[in-house]
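First comes the structure, then the notes that go with it.
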Amino acid sequence: MNNSQILLDKKNAVAVITLNRPDKLNAFTGEMAIQLQEKLDECASNSQIRCIYLTGAGKAFSAGQDLSEVTGPDMRGFKNILEEYYNPIIKRIRKIEKPIVAAVNGVAAGAGANIALCCDVVVASSSASFIQAFSKIGLIPDSGGTYFLPRLIGWQKASALMMLGDKLSAKEAVDCGMIFKVFEDEEFASASMGLAERLSQMPTKGLALTKQALNSSFTNSLDEQLEAENVGQQKAGATDDYQEGVNAFIEKRQAKFSGK
Ligand code: LHQ
């Protein structure tokens, strides 16, 4: 029996990170947030791992902050929670130099939703849902929600969802561009893992440089972003995988990327 609130398993070059408090819909305790940071660090530094797959145990992805841990009007408590628990998770997800798939297997609420939405590829099972639950308890969206959501779906829809706290089905989420794909529940595990496995066999450094370029794309001017692409492309062009990709194309064979 594993009592860890975050599980880490390896499946070939994919690291599977599972939020693991199923009886509380994987709501985050402080300990759990620290464990997630540690597992992300472990994946970041392990060169065998070329894709991270983040999902939830049981029927939920995550119901966000465990509200039984934050009952008092303690301003300093909130500051600490964001600075020590959630912001470092979001920053790690955006900085890690490998693709991260959020496999949203069930409800994703509050910080749980926003952790999913900052990942590189977000897919959901047909019965999953997304809720910016914060307004219902008098809080504001955190964990990058006010940054990512308007960029994903536009200001108006983001603003309404954040203020009303309405639940969005997985299908509605894909239709408005909040997530990439929805899979029927029965095929969700294999289809979402299939995407992660595909990504884990791709040119990892090129994907990391793509991620880096995307990170700056909404804040840079066109000139700055063209320069960022220029710098990134020079680095991508110097990788073994670029050489392999071009050779495979010319030789009319399947490329075998090493991630180097
Ligand atoms: C929970 C939770 C939960 C504890 C379900 N906590 N137990 C916050 C604070 C400070 C600073 C920084 O940032 C944040 C970030 C945030 O994430 S704030 C937003 C926190 N999350 C929410 O407000 C969502 C609260 N949960 C819900 O609205 C519902 O549970 C959803 C819609 C997620 C799912 O509804 P149901 O499927 O009907 O499940 P349920 O409500 O029956 O929950 C099942 C169990 O899980 C239940 O426990 P019990 O012992 O009665 O079976 C809930 O109490 C527990 N649970 N969410 N966040």
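Ligands are counted one by one from 1 in listed order, and the atoms in each one are counted from 1 as well.
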Should the pair Glu172-Lys157 be classified as a salt bridge under the 4.0 Å nitrogen-to-oxygen rule?
-> no
Transitive ILVMFWY cluster of Val123 at side-chain heavy atoms under 4.5 Å: who else is in it?
-> Val14, Val16, Tyr53, Val101, Val121, Phe180, Phe183, Phe188, Met193, Leu195, Leu199, Met202, Leu207
Cluster companions of Trp155 among Ile, Leu, Val, Met, Phe, Trp, Tyr (side-chain spacing under 4.5 Å) | none
For each nitrogen or oxygen atom of ligand 1, which protein N/O atoms lie closer than 3.5 Å, and how far apart are they, rounded to 0.1 Å?
residue	atom	partner	partner atom	Å
ligand 1	6 (N)	Leu67	N	2.9
ligand 1	13 (O)	Asp142	OD2	2.4
ligand 1	17 (O)	Gln65	N	2.9
ligand 1	17 (O)	Ala111	N	2.9
ligand 1	21 (N)	Ala63	O	2.9
ligand 1	50 (O)	Lys24	NZ	3.0
ligand 1	58 (N)	Ala63	O	3.2
ligand 1	58 (N)	Gln65	O	2.8

Between Cys119 and Leu54, is any pair of side-chain heavy atoms under 4.5 Å apart?
-> yes
Are any non-hydrogen side-chain atoms of Thr204 and Phe257 less than 4.5 angstrom apart?
-> no
Under 3.5 Å, which donor-acceptor pairs link side chains of residues 88-100 to any protein atom two or more places apart or in another chain?
residue	atom	partner	partner atom	Å
Arg92	NE	Asp41	OD1	2.8
Arg92	NE	Asp41	OD2	3.4
Arg92	NH1	Pro88	O	3.4
Arg92	NH2	Asp41	OD2	3.0
Arg94	NE	Asn215	OD1	2.8
Arg94	NH1	Cys118	O	2.8
Arg94	NH1	Asp120	OD1	3.0
Arg94	NH2	Asp120	OD1	3.4
Arg94	NH2	Asn215	OD1	2.9
Lys98	NZ	Cys43	O	2.8
Lys98	NZ	Ala44	O	3.4
Lys98	NZ	Asn46	O	2.8
Lys98	NZ	Ile49	O	2.8

